[in-house]
Amino acid sequence: MPGRFALYASAEQLADIFSVQLPEKVVPRYNISPSQQVAVIRNLGGENHLDFMKWGLVPSWADDMAIGYKLINARSETVFEKNSFKRAIRTRRCLVPISGFYEWQSSGSAKTPFYISMADNKPFALAGIWEQWKNPDGSIIETCAILTTTPNRLIETIHDRMPVILHPQEYSVWLDREVSDPATLKQLFKPYPAEVMTAFQVSTIVNSVRNDGEECIIKVDSQDDTGLLFN
DNA sequence: CCAGACGTTGTT
DNA sequence: GTCTGG
DNA sequence: CCAGACGTTGTT
DNA sequence: GTCTGG
């Protein structure tokens with residue numbers, strides 16, 4: 001997956017880490033869901049830009065935007081082969097800056113949300129692709145999706161997939177529109193090292209997209225989903 | 001050739 | 001637009 | 001990803 | 001159960 005993430009870094013922090021020119025003001029978000037506007041970083045004209053677009057990729061040939069609800073993730077193993085992604089992966093790649101993401105651990109019918117981030121709590125980048133779709137009214141809609149891969153040793157205890165997280169030294173090649181060679185890009189599709197990441201259980205408050213407060217990332221004890229009420 | 005799909009996750 | 005299935 | 005709807009007619 | 005909305 002993931003199907004939910006958070007971004008609460010300051011514009012200054014993002015400018016520093018992602019070499020973004022004139023970052024727009026980024027409002028802290030703790031529960032970013034599919035179909036919502038997300039921040040992405042693209043390289044346009046040799047400079048990195050921070051833009052906002054809808055999460056859920058709508059290919060140029062789509063009849064309507066509904067398909068975007070399905071295309072929030074792209075498997076890195078097959079992204080060069082799938083009709084919906086093959087054009088974007090070659091020439092329209094982006095970084096999706098986040099503070100952390102959520103994964104739900106299934107046990108029988110129970111689903112327990114976990115918040116996963118870097119141990120140093122710094123923002124990092126997911127590998128993303130983006131598209132343009134022409135609305136019948138003539139407007140251009142920009143959308144994006146994130147790549148997934150196999151989990152690392154930390155995340156495999158929670159879930160069987162994780163997003164492709166890029167190392168800072170990989171940002172420039174990922175954003176370089178001159179690069180389109182699958183072999184080169186596939187080298188980036190590996191699980192991020194578990195040693196520098198951390199995960200903890202959070203309240204099911206995050207289950208509802210209507211909740212976008214800091215309480216989404218408050219740690220709760222195992223077996224105690226009501227942590228917020230009693231802490 | 002044309003028609004129809006184009007995706008992932010999770011669950012069975 | 002491009003691929004798969006029939 | 002999860003939550004919530006799943007519908008039409010008629011009226012405003 | 002399945003689709004849509006967020």
Side-chain angles (χ1 to χ4, degrees), chain A residues 1-7 27 29-39 52-92 96 98-117 126-136 140-151 155-165 180 182 189 191 199-213 215-217 220 225 228:
Chain A
M1 306 184 264
R4 214 60 70 84
F5 59 82
L7 175 62
V27 178
R29 301 284 308 281
Y30 301 94
N31 192 348
I32 298 170
S33 334
S35 87
Q36 296 182 341
Q37 294 292 114
V38 302
F52 289 86
M53 57 179 68
K54 186 183 167 84
W55 183 17
L57 193 121
V58 181
S60 58
W61 42 260
D63 294 327
D64 57 60
M65 291 195 70
I67 193 172
Y69 283 102
K70 300 177 181 176
L71 307 184
I72 62 172
N73 295 158
R75 291 178 66 90
S76 61
E77 296 91 334
T78 55
V79 68
F80 285 96
E81 294 136 41
K82 298 294 184 181
N83 284 339
S84 297
F85 305 134
K86 61 199 306 179
R87 277 155 66 92
I89 189 61
R90 286 179 169 275
T91 60
R92 287 188 293 275
V96 181
I98 71 172
S99 299
F101 59 93
Y102 302 93
E103 294 284 15
W104 279 259
Q105 181 183 61
S106 287
S107 179
S109 60
K111 288 185 176 179
T112 307
F114 284 78
Y115 179 72
I116 301 155
S117 61
L126 305 185
I129 54 180
W130 60 277
E131 267 287 358
Q132 288 187 334
W133 180 73
K134 193 171 183 181
N135 209 25
I140 299 296
I141 310 282
E142 292 190 322
T143 61
C144 64
I146 59 176
L147 303 203
T148 63
T149 185
T150 51
I155 294 167
E156 71 181 1
T157 64
I158 301 168
H159 200 69
D160 63 353
R161 300 292 289 173
M162 71 177 281
V164 173
I165 299 170
S180 63
F189 302 160
F200 54 82
Q201 186 180 332
V202 293
S203 164
T204 53
I205 282 174
V206 76
N207 288 11
S208 173
V209 298
R210 301 186 317 190
N211 300 327
D212 188 27
E215 63 270 24
C216 290
I217 55 169
V220 300
D225 188 45
L228 244 201

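The shown structure was predicted, so the numbers you read here are calculated from the model rather than taken from an experiment. Residue numbers start from 1 in every chain, and the chains themselves are labelled A, B, ... in the order their sequence lines are given, proteins ahead of strands.
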- Message: Only pairs with both distances under 3.5 Å count, Watson-Crick or wobble alike; so what is the partner of D:dA5 in this structure?
- Response: E:dT2
- Taking only the side-chain nitrogens and oxygens of A:K111, find out if one of them lies under 4.0 Å from OP1 or OP2 of D:dC2.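 Yes, such a contact exists.
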- May I ask you to evaluate whether A:T78 reaches the phosphate of B:dT8, defined as a side-chain N or O under 4.0 Å from OP1 or OP2?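 Indeed, a polar side-chain atom of A:T78 lies that close.
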Between [X] ([atom1]) and [N] ([atom2]), how many Å, whole number?
X: A:L126; N: D:dC1; atom1: CG; atom2: P; value: 16 Å
X: A:N211; N: D:dC1; atom1: CG; atom2: C1'; value: 14 Å
X: A:Q105; N: D:dC1; atom1: CD; atom2: P; value: 15 Å
X: A:I129; N: B:dG7; atom1: CD1; atom2: C1'; value: 11 Å
X: A:E131; N: B:dC6; atom1: CD; atom2: P; value: 17 Å
X: A:I158; N: B:dT9; atom1: CD1; atom2: C1'; value: 16 Å
X: A:Y69; N: D:dA5; atom1: OH; atom2: C1'; value: 13 Å
X: A:W55; N: B:dG7; atom1: CH2; atom2: P; value: 18 Å

What integer number of Å spans the [atom1] atoms of [N] and [M]?
N: B:dT8; M: D:dA3; atom1: P; result: 24 Å
N: E:dG6; M: B:dG7; atom1: P; result: 25 Å
N: D:dC6; M: B:dC6; atom1: C1'; result: 26 Å
N: D:dT12; M: B:dC2; atom1: C1'; result: 49 Å
N: B:dG4; M: D:dT9; atom1: P; result: 29 Å

Can you confirm whether [X] sits close enough to [Y] that some side-chain heavy atom of one is under 4.5 Å from a side-chain heavy atom of the other?
X: A:R87; Y: A:S60; value: yes
X: A:F85; Y: A:R75; value: no
X: A:S203; Y: A:E215; value: no

- Nearest heavy atoms of A:I72 and A:G3, plus distance in Å: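 Answer, listing the atom of A:I72 first, then A:G3: CD1-CA, 4.3 Å.
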- Query: Nearest 0.5 Å, what's the CE-CD1 distance between A:M53 and A:I140?
  - Reply: 12.0 Å
- Message: Let me confirm one number: the CG-SG distance from A:N31 to A:C216, rounded to the nearest 0.5 Å.
- Response: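 Going from CG on A:N31 over to SG on A:C216, the span is 4.5 Å.
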- Indicate yes or no for a side-chain donor-acceptor contact from A:S76 to the backbone of A:L147 under 3.5 Å, with no hydrogens or angles considered. no
- Message: Each nucleotide in nucleotides 1-6 of chain C should get exactly one letter: B, S or -. Can you fill that in based on protein heavy atoms under 4.0 Å?
- Response: BBS---
- Tell me what A:I72 touches on the nucleic acid: a base, only sugar-phosphate, or nothing, going by heavy atoms under 4.0 Å. base
- Message: Among residues at least two apart in sequence or on other chains, which ones pass ring-ring contact (aromatic ring centres under 6.0 Å, His included) with A:F200?
- Response: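 Listed in chain order: A:Y115.
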- Message: Quick check for you: among B:dT11, D:dG4, B:dT8, whose closest atom lies nearest to any side-chain atom of A:T148?
- Response: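 Between B:dT11, D:dG4, B:dT8, the one nearest the side chain of A:T148 would be B:dT8.
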- Message: Side chain of A:R75, heavy atoms from C-beta onward: which of B:dG7, D:dC2, B:dT9 has the nearest atom to it?
- Response: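 Out of B:dG7, D:dC2, B:dT9, the nucleotide with an atom closest to A:R75's side chain is B:dT9.
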